[in-house]
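Proteins come first, then strands; the chains are lettered A, B, ... in the order of their sequence lines, and each starts at number 1.
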2 protein chains.
Amino acid sequence: MTTDSNIIPSLHRRTPPARLQHTPFEPVCAIFRQYLRGQKQKFTPERAMILDAVLRKQGLFEAEILVDDLKKLGYRASRATVYRTLNHLQDAGILKQVFFDNKQSYFEVIVGGQSNDYLICIASGKVIEFSSQRLKKLRDEICAEHGFEPIGHQFHIYGLCAEGRCKNDKK
Amino acid sequence: MTTDSNIIPSLHRRTPPARLQHTPFEPVCAIFRQYLRGQKQKFTPERAMILDAVLRKQGLFEAEILVDDLKKLGYRASRATVYRTLNHLQDAGILKQVFFDNKQSYFEVIVGGQSNDYLICIASGKVIEFSSQRLKKLRDEICAEHGFEPIGHQFHIYGLCAEGRCKNDKK
DNA sequence: CTGATTGCAAACACTTTGCAGCAGA
DNA sequence: TCTGCTGCAAAGTGTTTGCAATCAG
């Protein structure tokens with residue numbers, strides 16, 4: 001009860017330095033553990049570390065960035081494990097995968113299942129997140145018209161932000 | 001004026017069989033030629049064949065499928081040329097690239113710049129296209145609120161279609 | 001103790017690129 | 001003729017997978 005070992009599995013695997021110094025996360029951790037239990041899967045230190053790193057992110061992030069983040073945090077987890085865990089977190093309903101381009105995909109913490117929408121500036125690359133009740137309502141109406149049961153959605157608007165408009169004046 | 005050679009460049013390049021048997025397309029061809037002219041690029045037989053194949057598609061299609069289509073049509077164009085031409089068609093405003101997953105991207109003829117939206121069944125894989133004026137209006141309102149100038153958008157709703165709902169009853 | 005998990009590196013699949021030869025304008 | 005285009009195959013990239021060693025429950 002004194003160490004965090006009752007929450008986080010012992011973190012000694014093949015490499016020593018990796019270590020979670022704190023109780024990594026709040027109720028999300030519980031969600032993940034419950035999900036894993038249901039799948040007869042294990043809550044390993046690697047998974048704990050990855051979840052911790054994920055929960056530090058704001059908005060969208062790439063898998064590769066997360067790999068770097070882990071290194072910077074002093075955690076150790078192979079690229080393969082990161083990818084595998086991201087998929088699990090998605091299945092657990094904690095993350096959502098988002099597609100913008102054909103190079104890579106992005107992830108976003110959703111936890112509750114809320115979905116965010118984006119304005120993406122094609123000039124500056126800036127991504128503005130927004131959330132709209134009207135959009136959700138419209139979505140449900142459209143689904144109803146098509147006998148479709150919505151689970152999630154993504155709404156990406158491509159264009160120019162104020163800044164991008166300036167940068168792009170040549171065009 | 002009797003042969004189509006005044007529209008389509010001679011189709012003899014390295015391999016003989018490839019040949020466009022007909023005037024391949026309507027005004028879209030003109031759009032593409034004009035675009036190419038503006039870019040000091042050439043309207044080659046390969047590009048004509050690819051445009052022809054593209055205009056036969058309905059809805060979304062993958063680049064790889066198009067490569068196959070070309071073979072089936074008796075046209076010959078290397079994979080590289082197909083990919084390069086798809087990019088040009090996109091720049092010309094004839095095609096739009098769409099991202100659903102991290103495996104590949106999809107294309108869709110837009111020609112006018114209209115954008116379609118999709119209901120995607122996560123169980124059956126079915127994709128229902130729809131178009132909504134209300135959505136476009138809402139989009140513009142949202143952009144206005146954020147000082148954003150919209151150029152295009154994609155709206156993907158994930159969920160279960162009637163058929164998918166049945167298939168998915170186990171869940 | 002035993003099945004699940006990890007790390008590594010090889011495998012993958014889609015897409016892009018370098019280059020030498022060919023061809024549209 | 002002079003750019004620009006094509007095909008080929010090699011290179012790129014993000015992601016997945018096979019496998020032996022290792023660990024969580």
Side-chain angles (χ1 to χ4, degrees), chain A residues 5-18 32-51 61-68 70-71 75-90 97-107, chain B residues 5-18 32-33 35-51 61-68 70-71 75-88 90 97-107:
Chain A
S5 61
N6 61 330
I7 295 181
I8 305 309
S10 71
L11 297 182
H12 340 278
R13 196 173 273 264
R14 265 125 287 163
T15 326
F32 194 34
R33 302 188 76 144
Q34 181 180 334
Y35 162 81
L36 289 173
R37 216 173 301 127
Q39 303 289 309
K40 289 192 217 160
Q41 296 183 345
K42 295 169 181 171
F43 188 62
T44 65
E46 286 78 6
R47 288 175 179 175
M49 293 187 287
I50 292 166
L51 178 53
F61 62 91
E62 300 110 305
E64 288 300 316
I65 296 289
L66 197 68
V67 172
D68 289 348
L70 285 161
K71 276 191 199 120
Y75 301 162
R76 155 210 41 74
S78 71
R79 179 171 271 89
T81 300
V82 170
Y83 278 94
R84 284 188 278 234
T85 302
L86 285 174
N87 285 332
H88 289 139
L89 288 171
Q90 217 183 156
Q97 197 167 13
V98 175
F99 306 100
F100 282 158
D101 57 53
N102 57 16
K103 294 296 182 195
Q104 64 194 144
S105 54
Y106 301 80
F107 294 86
Chain B
S5 61
N6 62 329
I7 294 182
I8 306 308
S10 71
L11 296 181
H12 341 280
R13 197 172 273 265
R14 266 123 288 165
T15 327
F32 193 33
R33 302 187 76 146
Y35 163 81
L36 289 174
R37 216 175 300 129
Q39 304 287 309
K40 291 194 217 158
Q41 297 184 344
K42 295 168 183 174
F43 188 62
T44 65
E46 285 80 5
R47 288 176 180 176
M49 294 188 288
I50 292 166
L51 177 53
F61 63 91
E62 301 110 306
E64 287 300 316
I65 296 289
L66 196 68
V67 172
D68 289 347
L70 285 162
K71 276 192 199 119
Y75 301 162
R76 154 209 43 72
S78 72
R79 179 172 270 89
T81 299
V82 170
Y83 277 94
R84 283 189 278 234
T85 302
L86 285 174
N87 285 332
H88 289 140
Q90 217 185 155
Q97 198 168 13
V98 175
F99 307 101
F100 281 158
D101 57 54
N102 56 18
K103 293 297 182 194
Q104 65 195 142
S105 53
Y106 301 80
F107 294 86

Write down the atom of [X], the atom of [Y], and the distance for their closest heavy-atom approach.
X: B:Ala63; Y: B:Leu86; answer: CB-CD1, 3.7 Å
X: B:Thr85; Y: B:Ile50; answer: OG1-CD1, 3.5 Å
X: B:Leu70; Y: B:Met49; answer: CD2-O, 3.7 Å

Atom pair distance, as rounded to whole Å: [atom1] in [X] and [atom2] in [N]:
X: B:Phe99; N: D:dG14; atom1: CZ; atom2: C1'; value: 14 Å
X: A:Glu46; N: C:dT6; atom1: CD; atom2: P; value: 5 Å
X: A:Leu86; N: D:dG14; atom1: CG; atom2: C1'; value: 13 Å
X: B:Lys40; N: C:dA23; atom1: NZ; atom2: C1'; value: 19 Å
X: B:Leu36; N: C:dA23; atom1: CG; atom2: P; value: 19 Å
X: A:Lys71; N: C:dG7; atom1: NZ; atom2: C1'; value: 13 Å
X: B:Met49; N: D:dC5; atom1: CE; atom2: P; value: 15 Å
X: A:Asp101; N: D:dT13; atom1: CG; atom2: P; value: 14 Å

Contact list (N/O, under 3.5 angstrom) for nucleotides 15-18 of chain D vs protein:
unit_1, atom_1, unit_2, atom_2, d
D:dT15, OP1, A:Ser105, N, 3.0
D:dT15, OP1, A:Ser105, OG, 2.8
D:dT15, OP2, A:Tyr83, OH, 2.4

### Task
Spell out yes or no: do the side chain of B:Lys42 and the base of D:dT3 have one donor N/O and one acceptor N/O closer than 3.5 Å?
yes
### Message
Among residues at least two apart in sequence or on other chains, which ones pass ring-ring contact (aromatic ring centres under 6.0 Å, His included) with A:Tyr106?
### Response
A:Phe100
### Task
Can you sort out the partners of A:Glu64 under salt bridge (charged side-chain N to carboxylate O under 4.0 Å, His left out), two or more places apart, ordered by chain and number?
A:Arg79
List the residues meeting side chain to side chain contact (heavy atoms under 4.5 Å, CB included) with [X], not counting sequence neighbours, and say none if there are none.
X: B:Gln41; value: B:Tyr35, B:Leu36, B:Gln39, B:Arg47, B:His88
X: A:Lys42; value: A:Thr44
X: B:Lys103; value: B:Asp101

Can a side chain N or O of [X] be found less than 4.0 Å away from OP1 or OP2 on [N]?
X: A:Arg76; N: C:dG7; result: yes
X: B:Arg37; N: C:dA25; result: no
X: B:Thr81; N: D:dG7; result: yes

## Note on the structure
Encoded 5' to 3' (Watson-Crick or G-U under 3.5 Å; [ ] crossing; | other strand), DNA chain C becomes |||||||||||||||||||||||||
### Task
Would you please name every residue forming a side chain to side chain donor-acceptor pair (under 3.5 Å) with A:Gln97, sequence neighbours left out?
A:Gln90, A:Ser105
